[in-house]
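Below: the structure, in structure tokens.
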Amino acid sequence: MSARENKIITSTPEFKRLVASRGKISMLFTATIFGVYFGFLLLVAFGKEWLSITITIGLTLAIALGIAILVFTWIITGIYIYWANNVYDKQVTELKKQLAE
């Protein structure tokens with residue numbers, strides 16, 4: 001693809017809308033993960049008594065929440081990958097087809 005063709009593609013409203021939707025989704029997921037991480041850090045800083053609650057022998061609420069944060073991160077990453085592969089990539093392919101015509 002030449003530089004001229006690339007400039008034409010990036011100036012289309014469809015491309016701009018596509019880039020904006022990707023930006024919104026990625027920022028939403030980033031903000032969600034940061035919120036979860038920093039929420040946990042705030043609990044560590046200000047809720048030590050609450051986090052020290054024993055759930056079962058050898059397992060405190062802090063450990064359970066730490067594991068839950070890791071699992072949450074994997075899940076939200078999987079959701080983003082699913083969205084990128086099944087929604088975003090299809091829209092990119094369709095846009096390329098439209099512009100090739």
Side-chain angles (χ1 to χ4, degrees):
M1 183 177 290
S2 70
R4 183 174 178 268
E5 290 172 326
N6 210 6
K7 187 174 181 181
I8 292 170
I9 290 170
T10 57
S11 65
T12 63
E14 294 87 5
F15 180 80
K16 291 177 182 178
R17 190 170 38 253
L18 192 59
V19 170
S21 71
R22 185 188 66 187
K24 287 176 188 175
I25 293 289
S26 62
M27 291 308 291
L28 173 68
F29 285 175
T30 301
T32 302
I33 289 174
F34 275 141
V36 169
Y37 281 152
F38 285 116
F40 183 71
L41 291 176
L42 288 172
L43 275 174
V44 169
F46 301 111
K48 290 181 175 96
E49 304 82 26
W50 192 73
L51 290 174
S52 65
I53 295 172
T54 302
I55 297 173
T56 63
I57 297 172
L59 181 65
T60 62
L61 189 57
I63 294 171
L65 285 175
I67 293 168
I69 289 171
L70 291 174
V71 171
F72 174 76
T73 303
W74 293 335
I75 290 170
I76 202 164
T77 302
I79 292 169
Y80 180 80
I81 291 169
Y82 178 83
W83 174 82
N85 289 339
N86 294 298
V87 176
Y88 180 75
D89 287 348
K90 286 181 183 177
Q91 291 174 344
V92 168
T93 303
E94 295 215 5
L95 181 59
K96 285 180 181 179
K97 286 179 185 176
Q98 288 175 0
L99 295 173
E101 295 173 352

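- Annotation: the span from Ile63 atom CD1 to Ile67 atom CD1 amounts to 7.0 Å, rounded to 0.5 Å.
- Here the closest heavy-atom approach between residue Leu28 and residue Thr32 is recorded as O-OG1, 2.7 Å.
- Phe40 is not listed as a side-chain neighbour of Val36, based on a closest heavy-atom distance of 4.5 Å or more.
- Note that CZ of Phe15 and NZ of Lys96 are 10.0 Å apart. Values are rounded to the nearest 0.5 Å.
- The line from OH of Tyr37 to CD1 of Ile69 is 7.5 Å long, rounded to the nearest 0.5 Å.
- Cluster membership for Val71 and Ile55, using ILVMFWY side-chain heavy atoms within less than 4.5 angstrom, is shared.
- Grouping the Ile, Leu, Val, Met, Phe, Trp and Tyr side chains by contacts below 4.5 angstrom, directly or via other members, places Ile79 apart from Met27.
- Phe38 and Val44 fall into different hydrophobic clusters, where Ile, Leu, Val, Met, Phe, Trp and Tyr are joined by side-chain heavy atoms under 4.5 Å apart, directly or via other members.
- Thr77 has its side chain out of reach of Phe29: every pair of non-hydrogen atoms, C-beta onward, lies at least 4.5 Å apart.
- The CG atom of Leu95 sits 9.5 Å away from atom CZ of Arg17, with the distance rounded to the nearest 0.5 Å.
- For the residue pair Tyr88/Ser21, the side-chain donor-acceptor check at 3.5 Å is not satisfied.
- Residues Tyr82 and Val87 are not in side-chain contact: their nearest non-hydrogen atoms beyond the backbone lie 4.5 Å or more apart.
- Counting heavy atoms from C-beta on, the side chains of Thr54 and Leu59 never come closer than 4.5 Å.
- Distance CD/Glu94 to CG/Leu18: 10.5 Å, rounded to 0.5 Å.
- Here the OG1 atom belonging to Thr30 is positioned 8.5 Å from the OH atom belonging to Tyr80, to the nearest 0.5 angstrom.
- At a threshold of 4.5 Å between non-hydrogen side-chain atoms, the residues Leu65 and Leu43 count as touching.
- The shortest side-chain heavy-atom distance between Thr60 and Ile53 does not fall under the 4.5 Å cut-off.
- Side-chain contact between Ile76 and Ile33 is present, with heavy atoms from C-beta onward closer than 4.5 Å.
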